[in-house]
Peer 1: 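Before we start, here is the structure in question, set down as structure tokens.
Chain identifiers are assigned alphabetically (A, B, ...) following the order of the sequence lines, protein sequences preceding nucleic acid strands; residue numbering begins at 1 within each chain.
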There are 2 protein chains.
Amino acid sequence: MADLSIDVVAKAAGVHRSTVSRAFSRPEAVKSETREHILRVAEGLGYTMSPLAQALRRKTSTFIPLIVPDITNPFFAELAKTMTQAADERGYQLLLCVTNGDPAKTDGYFTAMQAMYAPFGIVAPSTKVDTEALKLFDFGHKVVVIDRVEGDSSVPTVTVDSRRGIMLALDHLHSLGHTSIGYVSGIAGTHTAQDRMDAYLELSAEGNSTPLVLDSGSDPDAGARAAQHYLEMENPPTAIIAANDMVAFAVISALGQNGIRVPDDVSVIGFDGLALGARFNPPLTTVRQPIDDMGNIAIELAEKQNLNGSVEHIVLEPELLMRASTAGPRK
Amino acid sequence: MADLSIDVVAKAAGVHRSTVSRAFSRPEAVKSETREHILRVAEGLGYTMSPLAQALRRKTSTFIPLIVPDITNPFFAELAKTMTQAADERGYQLLLCVTNGDPAKTDGYFTAMQAMYAPFGIVAPSTKVDTEALKLFDFGHKVVVIDRVEGDSSVPTVTVDSRRGIMLALDHLHSLGHTSIGYVSGIAGTHTAQDRMDAYLELSAEGNSTPLVLDSGSDPDAGARAAQHYLEMENPPTAIIAANDMVAFAVISALGQNGIRVPDDVSVIGFDGLALGARFNPPLTTVRQPIDDMGNIAIELAEKQNLNGSVEHIVLEPELLMRASTAGPRK
DNA sequence: AGTGTTATTGCAACCGATCTCAGCAACCGA
DNA sequence: TCGGTTGCTGAGATCGGTTGCAATAACACT
């Protein structure tokens with residue numbers, strides 16, 4: 001358990017340290033016999049290479065930062081989970097960085113990651129500020145953004161088709177017989193939030209129904225305010241689309257506190273497809289983003305970019321997850 | 001933006017690299033005049049020290065691993081959030097490690113962290129296996145566990161008083177007039193889960209009421225099964241204590257699916273105090289763990305141990321968070 | 001046998017810091 | 001004025017690997 005350096009192993013195996021190094025990181029450059037011997041010895045000693053020393057010398061590491069604004073938000077938590085998995089299947093080590101929306105912190109993470117020779121980074125939908133910031137770094141062009149990036153197609157991105165998602169929600173609600181459908185917005189500053197809202201507005205217009213935004217705030221209280229707004233209306237909508245599942249939860253909760261039942265009195269549909277939604281009361285009908293795929297794709301995009309400089313923009317298809325928070329309108 | 005090593009700064013400032021090094025890490029050892037000059041030059045160049053190189057040479061870093069089984073579980077997410085904050089106030093960088101309950105992964109994280117010269121680590125309630133594993137490492141004695149550790153008081157721990165928490169729940173329910181109180185268990189393998197359950201059993205016995213465990217499973221479906229069990233009883237309890245908030249959510253959801261209302265038909269109280277609970281339907285009454293404090297205390301304990309080898313076991317007081325999922329029993 | 005490859009391995013410089021030791025100048029008291 | 005401190009800075013080894021280059025061995029070919 002003592003200090004196990006490459007030299008110790010080298011001595012034990014009777015070879016030079018460079019051979020040990022090669023046995024590990026460039027197996028084909030060592031006679032297989034020698035290699036196996038070395039590996040066996042190393043194994044016996046319980047030796048593993050120091051990622052620090054490696055990174056320092058190679059000037060590239062396997063640490064990959066995932067920058068999210070708030071890990072407490074289940075969407076990011078789920079993203080983190082699948083990305084951890086995806087990263088480690090590919091031999092990377094994911095470092096979760098939580099900014100709490102503080103741009104200074106984002107900055108700090110970027111420099112730190114640069115210093116740690118991260119081969120690339122992933123930033124999850126955050127404020128526009130963050131995506132701006134990343135251009136200040138060399139690093140900037142080795143970042144995959146899980147969001148849309150405005151006016152800069154040099155950064156690979158993976159997103160889900162917001163318009164299509166809202167369309168799915170709208171169609172579902174229409175098919176249930178709803179004609180008056182309200183909307184509650186989500187996290188401010190995010191492109192996705194903006195896109196979803198825009199989609200709602202446009203699609204409503206195209207369908208000749210007047211859009212009805214119950215709340216366009218972004219704070220945790222948006223749900224409560226939307227519910228309040230709903231209560232005050234003389235002619236409230238029979239269904240509500242929430243920009244994301246968390247908001248949907250909040251709306252249903254607030255409505256419930258005021259005696260309004262979902263889906264009996266009003267239908268509510270979310271957007272995200274959080275696992276949590278299945279255990280909400282009632283289980284939440286929602287538009288699911290393929291979070292698992294996003295993780296894998298993000299890493300693939302980054303690798304591709306690192307390899308041949310190609311920049312891709314992947315747009316994934318959302319799907320409707322029918323659970324129990326929607327039903328036909330109250331007659 | 002080019003490669004900025006300490007030598008570059010040294011040359012630019014006209015001093016030797018050791019002086020630059022000292023200017024940063026041992027300010028008092030450098031003439032203030034020189035130091036300021038160096039710092040100014042460094043600043044101008046946009047220089048920051050390489051944490052990698054530092055860690056390699058010093059054999060100690062500021063990376064501190066937080067090992068949790070599942071970041072998707074809001075409890076761990078909240079823990080991660082406060083710990084990130086706490087860590088970084090003290091100049092540490094938290095590395096979130098997610099095991100998904102895989103002991104092999106826990107092991108891997110330990111070795112990795114050892115290799116990265118983490119000064120200590122934090123492991124959050126996980127299976128006993130994990131806490132066993134940590135003894136295999138030197139590292140083992142520089143770990144703080146957020147849970148109780150069986151038969152080994154050499155590891156600092158911080159926990160919340162389970163018995164007291166359950167007592168709070170029981171008292172609250174009693175004061176509301178409930179006499180028949182069921183219980184649903186939580187994550188298996190955790191000491192806390194065990195402790196809560198034991199507390200429930202003991203306290204029920206002491207209060208001369210027969211304990212009624214609706215489900216003692218640990219998987220995500222425990223809630224559903226508990227609800228099922230409830231429905232099948234001819235004389236179901238009028239209130240239910242859930243071992244943790246997530247289970248409470250699941251129970252309420254499953255009950256709701258079967259037309260049982262909370263708190264109208266049955267009261268449900270959770271344990272954890274997740275922020276999410278405030279936006280559940282109905283807002284969840286629960287026993288709150290001071291998660292914020294836990295993060296800070298965990299780090300403090302670790303530092304103390306590192307400093308003078310002292311090992312403390314902190315037990316925090318839980319508190320009742322009254323919201324809307326409990327009410328008097330249906331007459 | 002002589003020469004040209006090719007496969008393996010050793011050598012030593014290097015990555016970006018830290019830290020012990022030594023050198024040097026200024027300062028102190030007698 | 002001299003030995004003894006004290007304060008500050010430079011030298012150079014070191015942390016644990018990587019990698020270009022040189023050396024040697026083994027094998028093929030004319």
Peer 1: Is there a donor-acceptor pair closer than 3.5 Å between any side-chain N or O of B/Thr111 and the backbone N or O of B/Gly108?
Peer 2: yes
Peer 1: Supply the atom-to-atom distance B/Asn100 CG to B/Ile71 CD1, rounded to the nearest 0.5 angstrom.
Peer 2: 10.5 Å
Peer 1: With a 6.0 Å cut-off on the ring centroids, do B/Phe63 and A/Phe63 count as close?
Peer 2: no
Peer 1: Reckon A/Ala29 touches a base, only the sugar-phosphate, or nothing at all at heavy-atom distances under 4.0 Å?
Peer 2: base
Peer 1: With both distances kept under 3.5 Å, what pairs with C/dG29, Watson-Crick or G-U wobble?
Peer 2: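 Pair assignment: C/dG29 / D/dC2.
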Peer 1: Whole Å only: how far is the CZ atom of B/Arg35 from the P atom of D/dC8?
Peer 2: 9 Å
Peer 1: Which is it for B/Glu312 and B/Glu300 under the side chain to side chain contact (heavy atoms under 4.5 Å, CB included) test, yes or no, and what are the steps along the way?
Peer 2: CA-CA 10 Å; B/Glu312 296 179 39; B/Glu300 273 165 27; over 6 Å; no
Peer 1: Tell me, for nucleotides 12-20 of chain C in 5' to 3' order, what letter each nucleotide earns: B for a base near a protein heavy atom under 4.0 Å, S for only sugar-phosphate near one, - for neither?
Peer 2: BBBBBBBBB
Peer 1: Short question: side chain of A/Thr84, backbone of A/Ala80 - any donor-acceptor pair under 3.5 Å?
Peer 2: yes
